[in-house]
Amino acid sequence: MISRFALAAVLAAVMVLSGTATFIALGSRTSRVAVPPEKPTSATPRAQALTLPGTLYMSQDGALYSLSVGRFHQLTPEAGWTQPSMTPDGNIVAVKQAPFYSDIYVLNRFGSVVRRVTNNSAPNKNSDPGLNHWAFYPRLSADGKTMWLAYDKPKFQYDVVLSIWAMPATGTIVQGRVWTNAADYTGGDVQPLPVKGGLMYTKYDFASRYAANQPDRLVGMLWFTNRAFSVGRELTSPSEDCRNPAVSPDGTQVAMICTYQKQESYLTIASWNGSTLGPRKTIISNQLVAQPTWAPDGSGIAYLAPGAGAGPFQLWWLPRAAYAPIPSPAPTPSPGGPHNGPVPAPSPATAVVVRPVQVTTNNGFDATSPLAWSG
Amino acid sequence: MRASRRRLSPLRTSFLVVLAIVLSAVAGGLAYFMPAAQLALDSTGQVISLPTPSPTALLASPTPSPSPSPVTGAFTVLLLGSDDDSKFSADHVLTQSMILVRVVPATKKVTMLSIPRDLYVHLSPGGYGKIDGAYSYGGAGAAIATVEQDFGVHVDDYIWIGLLGLVKLIDAIGGIDVVTSHPVLDDYYPADIYSRFPYSYQRVAVLGGPQHLDGLHAMQYVRSRHGDLQSDFGRSQRQQEVLTAIRLKAKELSPEDLPSLSGALGGELKTSIGVSRVAQMLPLAASFDNPNQITQLFLLPPYTHGGGPGGSVTADWGAILPLVHQYFP
């Protein structure tokens, strides 16, 4: 028999514990959708990160990070840094974006500013906001002498479009000249990519301007031009809706993102002969892929895509075996002398399905920022 | 005798302990879901008061009074998105976004029709004007009645969300993944959110391509219309892209997320849909997983033409009504 007093005390304790436990248990069952991404330096990349060659540079939450030998290093503070690319001498060119403008800087590989390239803020902070300028997607030519960028000049009141500009790498934007004629009210021409014999870039334009059967909607297309302000030509069709071009280290293939005018994105590869793209090969079709980047040694492609579900973008790695044709094995000569008979047909290679590898799980990389990779 | 009265048998003691555990667990659960319940009581089940149509409204109605949806289980919801920043008084806001959504659970088909905010129509409270003014004159009831009389459809329910509500909703679900089909570069975007000067401007740049958007940038993407040659039509396309992304993300939510979601939304959401129907619709929403089953309609030319009174858009009802009746029978 238990005394009523003791029982009351026990019941009170049980009720407090049970109620609190229920509250906590329900709270622990929430989905993880709103959990903010961790900084790459505090998160642990998977072991696969060790397989990535060289050093990869990327942006998260306004800071630049490098990934080398499986470890992330934060190069800059969270201050609007994005869109890194490499210079031939191993420095980094990147964008620093403020609320009203963005500028291009040259940083050393440890993240210290070497030089400010542009100065796009309006002279007077209280003046017309349209007096500020955007500069995005900086790229240096292979010889390091020319800097390519997307710059919002000329613009006309509400018609703000980015055009491709070229300027001396050690000069100022005043010495630069506009290279492309961006279509009005489209977002313009972006993502310049200097290639042998010219320039590849992404042009946004209305599909209906290129084919009568196309809808009156905006699409991305890869374009090529080899002369300033000449009429370039499209490399992809409006229906493919492609962007984010990246040329392979040997210059023979182009990786890109094609969305086919849908809320999906496909990692697509095509051969490149210096003037036209070959047949398209879709490599990944079940992820929202962004920013494909070839490894400098040709061993694979890194890209950004959500980890699971519709979450922030993680780093993924696609080994070369996933998209490159498997070489046929050479016939083995019979021992004991020269081979005189008919050459035996090689046995068919065993089909091995190589899947992309998720390198990070809890980061949130900027999917509008290209990855930069040094060998 | 006295001692035995103060002491309980083990059976009764066990019963009391079990009862205490059950009751306190229920209390803990109620406490956990209290914010969601409060929001549900405050925001859902809003009574729609339809304004009495003026005689001219009846004459101007392009079709007879609409009948309820004939397909079993199908329902039509009017989504309303409003500027509710400090430039407007709370109950007199315009609807920057009006999307008519028809859901057919049996076939898992969804049709979304974006109504241009500048469409020049006969307003249900009386007179003519841009359709975005209907809500400011008579609330959700007037907006629904205007859509019903002009488009000849039956609207079962409405969901209204304010600008800040959209930002908070998207942040509460951890952001959304979108292929931004139209890069947004706007030098004169209204700086009326989180700003001491609601009539000032700011620059925004939402670059194109697949990306993860937080609430603020998603709002910039759907709200800007200066840099879009298609103006409101282009904006409608962007709004439907973001809606689709929100629906995709909502599939990952669990019921335990409701308190934090409701806490984030505050008074930025109103709907005529009752709590019980919301509970029924959550699993339904998760089952719609085929993007090809979503039909998106925009009233671009030749359905509409610019040059209407006061910068409005005029409708070609002869073209619009057959289209609307095809998808919203």
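In what follows, every chain begins at residue 1, and chains take the letters A, B, ... in the order their sequences are listed. As the structure is a prediction and not an experimental result, all values here were calculated from the model.
- Most heavy-atom pairs under 4.5 Å with chain A, from the set Asp177(B), Leu253(B), Val178(B): that is Asp177(B).
- For Thr186(A), the part lying under 4.5 angstrom from a heavy atom of chain B is the backbone only.
- Crowding of Tyr188(B) atom OH: a count of heavy atoms from other residues, nucleotides or ligands under 6.0 Å exceeding 12.
- By number of non-hydrogen pairs under 4.5 angstrom with chain B, the leading residue of Phe206(A), Phe23(A), Trp134(A), Phe365(A) is Trp134(A).
- Environment of OH in Tyr260(A): crowded, with over 12 heavy atoms of neighbouring residues, nucleotides or ligands closer than 6.0 Å.
- Both the backbone and the side chain of Leu162(A) come within contact range of chain B, each with at least one heavy atom under 4.5 Å from a heavy atom of that chain.
- Gln83(A) touches chain B through its side chain: at least one heavy atom from C-beta onward sits under 4.5 Å away, while N, CA, C and O do not.
- The two residues Arg203(B) and Pro129(A) have their closest heavy-atom pair at CD-O, 3.2 Å.
- Heavy-atom minimum distance, Pro210(B) versus Ala290(A): O-CB, 4.0 Å.
- Highest contact tally toward chain A, considering only Ser200(B), Pro183(B), Gly209(B), Pro301(B), is held by Pro183(B) [criterion: heavy-atom pairs under 4.5 Å].
- Contacts between Gln237(B) and chain A at a heavy-atom distance below 4.5 Å involve the side chain alone, from C-beta outward.
- Using a 4.5 Å cut-off between heavy atoms, Tyr137(A) touches chain B through its side chain atoms alone.
- In plain terms, the two heavy atoms of Tyr185(A) and Asp228(B) that are nearest each other are CD2-N, 4.1 Å.
- For chain A, the option among Ala172(B), Ala205(B), Ala245(B) with the highest count of heavy-atom pairs below 4.5 Å is Ala205(B).
- Nearest heavy-atom pair, Gly187(A) versus Leu185(B), reported as atom, atom and distance to 0.1 Å: O-CD1, 3.7 Å.
- Atom CZ of Arg12(B) has 12 or fewer neighbouring heavy atoms from other residues, nucleotides or ligands inside a 6.0 Å radius.
- Using a 4.5 Å cut-off between heavy atoms, Val289(A) contacts chain B through its backbone alone, with no side-chain atom that close.
- Both the backbone and the side chain of Phe100(A) have a heavy atom closer than 4.5 Å to some heavy atom of chain B.
- Heavy-atom pairs under 4.5 Å with chain A peak, among Ala25(B), Ser181(B), Ala27(B), Ser254(B), at Ala25(B).
- Per-residue counts of heavy-atom pairs under 4.5 Å with chain B were compared for Ser265(A), Gly311(A), Pro306(A); the largest is that of Gly311(A).
- Annotation: maximal heavy-atom pairing with chain B below 4.5 Å, among Gly188(A), Gly19(A), Gly220(A), Ala305(A), occurs at Gly19(A).
- Of the two parts of Phe136(A), only the side chain, counted from C-beta on, holds a non-hydrogen atom closer than 4.5 Å to a non-hydrogen atom of chain B.
- Only the side chain of Gln97(A) comes within less than 4.5 Å of a heavy atom in chain B; its backbone stays farther off.
- In this structure, chain B has heavy atoms under 4.5 Å from both the backbone and the side chain of Lys262(A).
- Both the backbone and the side chain of Asp216(A) have a heavy atom closer than 4.5 Å to some heavy atom of chain B.
- Of the N and O atoms on the side chains of Tyr201(B) and Asp128(A), not one donor lies less than 3.5 Å from an acceptor on the other residue.
- Heavy atoms closer than 4.5 Å to chain B are found in both the backbone and the side chain of Asn132(A).
- Atoms CD and CG, from Gln211(B) and Asp366(A) in turn, are 7.5 Å apart once rounded to the nearest 0.5 Å.
- For the atom pair Thr202(A) OG1 and Leu207(B) CG, the distance stands at 11.5 Å (nearest 0.5 Å).
- Nearest approach of Val14(A) to Ser24(B), heavy atoms of both residues: O-OG, 4.3 Å.
- Residue His182(B) holds its NE2 atom at 4.5 Å from CG of Leu218(A), rounded to the nearest 0.5 Å.
- Of the atoms belonging to Pro99(A), it is backbone heavy atoms, and not side-chain ones, that fall under 4.5 Å from chain B.
- Ring pair Tyr158(A)/His226(B) is parallel by interplanar angle, where below 30° counts as parallel and above 60° as perpendicular.
- Proximity to chain B (any heavy atom under 4.5 Å) is restricted, for Val161(A), to the backbone atoms N, CA, C and O.
- Considering every non-hydrogen atom in both His212(B) and Phe313(A), the closest pair reads N-CE1, 3.5 Å.
- Of the listed residues (Ala367(A), Ser18(A), Pro36(A), Ala34(A)), the greatest number of heavy-atom pairs within a distance under 4.5 Å of chain B belongs to Ser18(A).
- Within the 4.5 Å cutoff, side-chain heavy atoms of Leu7(A) are placed close to those of Leu16(B).
- Between His133(A) atom NE2 and Asp187(B) atom CG the span is 8.5 Å, to the nearest 0.5 Å.
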